[in-house]
Protein chains: 2
Amino acid sequence: MRVVIASCSVDYSGRLNAHLPLATRLLMVKADGSVLVHSDGGSYKPLNWMSPPCRLDVAEPSEEEAATGVDAVWTVQHTKNDDRLVVRIHEVLADHSVDLGVDPGLVKDGVEAHLQKLLAEQIDILGPGHQLMRREYPTAIGPVDILARDEDGTAVAVEIKRRGEIDGVEQLTRYLELLNRDPLLAPVRGVFAAQEIKPQARVLAGDRGIRCVVLDYDAMRGIDDVDSRLF
Amino acid sequence: MRVVIASCSVDYSGRLNAHLPLATRLLMVKADGSVLVHSDGGSYKPLNWMSPPCRLDVAEPSEEEAATGVDAVWTVQHTKNDDRLVVRIHEVLADHSVDLGVDPGLVKDGVEAHLQKLLAEQIDILGPGHQLMRREYPTAIGPVDILARDEDGTAVAVEIKRRGEIDGVEQLTRYLELLNRDPLLAPVRGVFAAQEIKPQARVLAGDRGIRCVVLDYDAMRGIDDVDSRLF
DNA sequence: GCCTAGATTTCGATA
DNA sequence: TATCGAAGTCTAGGC
């Protein structure tokens, strides 16, 4: 890993063209040759970058470039396509190299999969008398998150999202269309379950006869913990 | 901007919980207090981070922590929610601070908007005799990219994407449903236009009677240049 | 300010 | 290897 702080201008060409005027920025060169151009703000996304696999070449500036104060020209060329990043370095304020080694990596916990597991275990959140048929019920266009039966024995297809938005309702609609063609299952009701459901999604779901259920993740996790302690 | 290279362990808690074991990493502290934890690989996305607005506090380690080699504890607390990043610093290899000032920002060119403009100018790409009605034709659920008439005078609603995927077809379907309720427009045909159309999107479009058109951006831009030179 | 759609999205799982 | 869905997505544009 090499970190350079320098005044520079940057040009990217590839899927689009983009230009950064001359200013002082942080340049990060990773071991795989990828380059990140960061300013002192924004978010974690760099102003400009080149993803691996790519190759960094450092060259002398042309006379023309040198006349405008360019000290070096970095060309970062993607190995598999025409994406190219050109960094024209004017003044270098700092230049550090360090060997970081391979990172042991991130350990994550608690996403949509967890919601699905918890809801499968606590299926009566959908209403008393509900029975789980199975998780990840396979269909031709992909698996339905949860398939259950309500107290009357009617099949219920559940789509789970962390944030319920309009495309989640569309997805569930496609599943319902398909499932309702199966005479062994039909009629199948739809339930859209999420920690948070956007108003537009709620309206669309209502319009299609799909029930919305807001999931309380902390409460579900709490019950899960209590259950776990019983064993 | 402050750049620290140090061996550290990192814990994030918020929308999920995540942990990074002890390793040497690059820590970037931006002027707004946001923190990025980078390893020597991956892409531009940090291993872990805290977005602004947030607050960084540096504290002495507890006795317990000190015994395991912790030299300092950084706590980065988001200002508006419970998200928190805790960085336990073991050994500092480098620590640089520099004032970058405000970045003049990125100048972009050539995205979906450009495709829309070009297609509006070269509407006969849809077929000879097509006439542009208008770009960004407003509907209750949002603007349709392009509304045109074909050689027979039939209305055509065009949805434009850089990459045509299934949700683009869904979007166009919703527009068509709405537009076909308007007696002044109906019947309205649908055209899904993109630089690249994914197979699943193509199948769904076919199933709904929507025509797919692949756009050659370079060719369209070339014609545009030629046109420009004529004036 | 909230909400929606796009992104040089990135990233991971799966067929 | 392509494809598809999720992301602590982020970000810009409307309303």
Side-chain angles (χ1 to χ4, degrees), chain A residues 10-18 34-37 41-52 54 76 78 80-85 105-106 108-116 136 138 141-143 145 159-163 165-168 170-171 194-196 198-201 203, chain B residues 11-18 34 36-37 42-52 54 76 78 80-85 105-106 108-116 136 138 141-143 145 159-163 165-168 170-171 174 194 196-204:
Chain A
V10 184
D11 286 277
Y12 165 76
S13 68
R15 274 163 282 192
L16 59 73
N17 297 315
S34 58
V35 175
L36 280 60
V37 181
S43 65
Y44 67 64
K45 196 176 177 183
L47 291 168
N48 227 324
W49 70 94
M50 180 58 65
S51 317
C54 63
V76 194
H78 198 276
K80 306 232 166 176
N81 57 41
D82 293 332
D83 284 22
R84 177 184 291 189
L85 194 71
L106 191 67
K108 281 191 186 183
D109 156 52
V111 264
E112 183 187 319
H114 199 192
L115 269 180
Q116 187 191 114
E136 303 285 350
I141 55 170
D145 288 340
E159 175 66 31
I160 300 172
K161 296 283 178 202
R162 202 171 56 74
R163 288 183 194 171
E165 300 183 24
I166 212 161
D167 56 342
E170 297 285 14
Q171 198 181 336
Q195 276 188 274
E196 178 197 352
K198 294 289 168 72
Q200 288 214 357
V203 170
Chain B
D11 285 278
Y12 165 76
S13 67
R15 273 162 281 193
L16 58 72
N17 297 315
S34 58
L36 281 60
V37 181
S43 66
Y44 69 64
K45 198 176 176 183
L47 291 168
N48 228 325
W49 71 93
M50 180 57 65
S51 317
C54 63
V76 194
H78 198 277
K80 306 233 166 175
N81 57 42
D82 292 333
D83 285 22
R84 177 184 291 189
L85 194 70
L106 191 66
K108 284 191 185 183
D109 157 51
V111 264
E112 185 187 317
H114 199 192
L115 271 179
Q116 189 193 112
E136 302 286 352
I141 53 171
D145 288 340
E159 176 66 32
I160 300 172
K161 295 283 178 203
R162 201 170 56 76
R163 288 184 194 168
E165 300 184 25
I166 210 160
D167 57 342
E170 296 286 14
Q171 198 181 338
R174 290 196 293 272
E196 178 197 351
I197 297 180
K198 294 288 168 71
Q200 289 216 356
R202 194 179 285 278
V203 169
L204 185 64

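Between the CG atom of B/Leu115 and the P atom of C/dT8 there is a distance of 13 Å, rounded to whole Å. Nucleotide D/dA6 holds its P atom 14 Å from the CD atom of A/Glu170, rounded to whole Å. The distance between atom CG of B/Leu47 and atom P of D/dA7, rounded to the nearest whole Å, is 19 Å. Here D/dG5 presents its P atom at 16 Å from CD1 of A/Ile160, a figure rounded to the nearest Å. Distance A/Asn48 CG to D/dC10 C1': 16 Å, rounded to the nearest Å. Remark: P of D/dT3 and CG of B/Leu204 are 16 Å apart, rounded to the nearest angstrom. Distance CG (A/Asp145) to C1' (D/dC4): 14 Å, rounded to an integer number of Å. Per the geometry, CG belonging to B/Asn17 stands 16 Å off C1' belonging to D/dA7, to the nearest Å.
For A/Pro52, the side chain to side chain contact (heavy atoms under 4.5 Å, CB included) criterion is met by A/Asp32, A/Ser34, not counting sequence neighbours. Under the side-chain hydrogen bond (donor to acceptor under 3.5 Å, both in side chains) criterion, A/Ser43 pairs with no residue, sequence neighbours left out. Every residue was checked against the side chain to side chain contact (heavy atoms under 4.5 Å, CB included) condition with A/Asp82, not counting sequence neighbours, and none meets it. The side chain to side chain contact (heavy atoms under 4.5 Å, CB included) test applied to A/Val76 returns A/Val35, A/Met50, A/Cys54, A/Leu56, A/Leu85, not counting sequence neighbours.
Between B/Glu159 and A/Ser51, it is B/Glu159 whose nearest contact on DNA chain C lies nearer the 5' terminus. Nearer the 5' end of DNA chain D, as judged by each residue's closest nucleotide, is the contact made by A/Lys80, out of A/Lys80 and B/Met50.
A distance of 10.0 Å separates CD in A/Glu170 from CD in B/Gln171, rounded to the nearest 0.5 Å. If you take CH2 on A/Trp49 and CG on A/Asp83, they are separated by 10.0 Å, rounding to the nearest 0.5 Å. In this structure, B/Gln116 CD and B/Ile160 CD1 are separated by 5.0 Å, a value rounded to the nearest 0.5 Å.
In this structure, the nucleotide among C/dT10, C/dA5, D/dA6 sitting nearest to the side chain of B/Lys161 is C/dA5. Listed nucleotides C/dT8, C/dG6, D/dC10 differ in distance to A/Tyr12; the shortest reach to its side chain belongs to C/dT8. With C/dT8, D/dG5, C/dA5 as the choices, the nucleotide that has an atom nearest any side-chain atom of B/Leu106 turns out to be C/dT8.
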Restricting both atoms to N or O, compile the protein contacts to nucleotides 11-15 of chain D shorter than 3.5 Å, with distance only.
| from | atom 1 | to | atom 2 | distance (Å) |
| --- | --- | --- | --- | --- |
| D/dT11 | OP1 | A/Ser43 | N | 3.3 |
| D/dT11 | OP1 | A/Ser43 | OG | 2.4 |
| D/dT11 | OP2 | A/Ser43 | OG | 3.3 |

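Nucleotides C/dT8 and D/dA6, compared at atom P, are 22 Å apart to the nearest Å.
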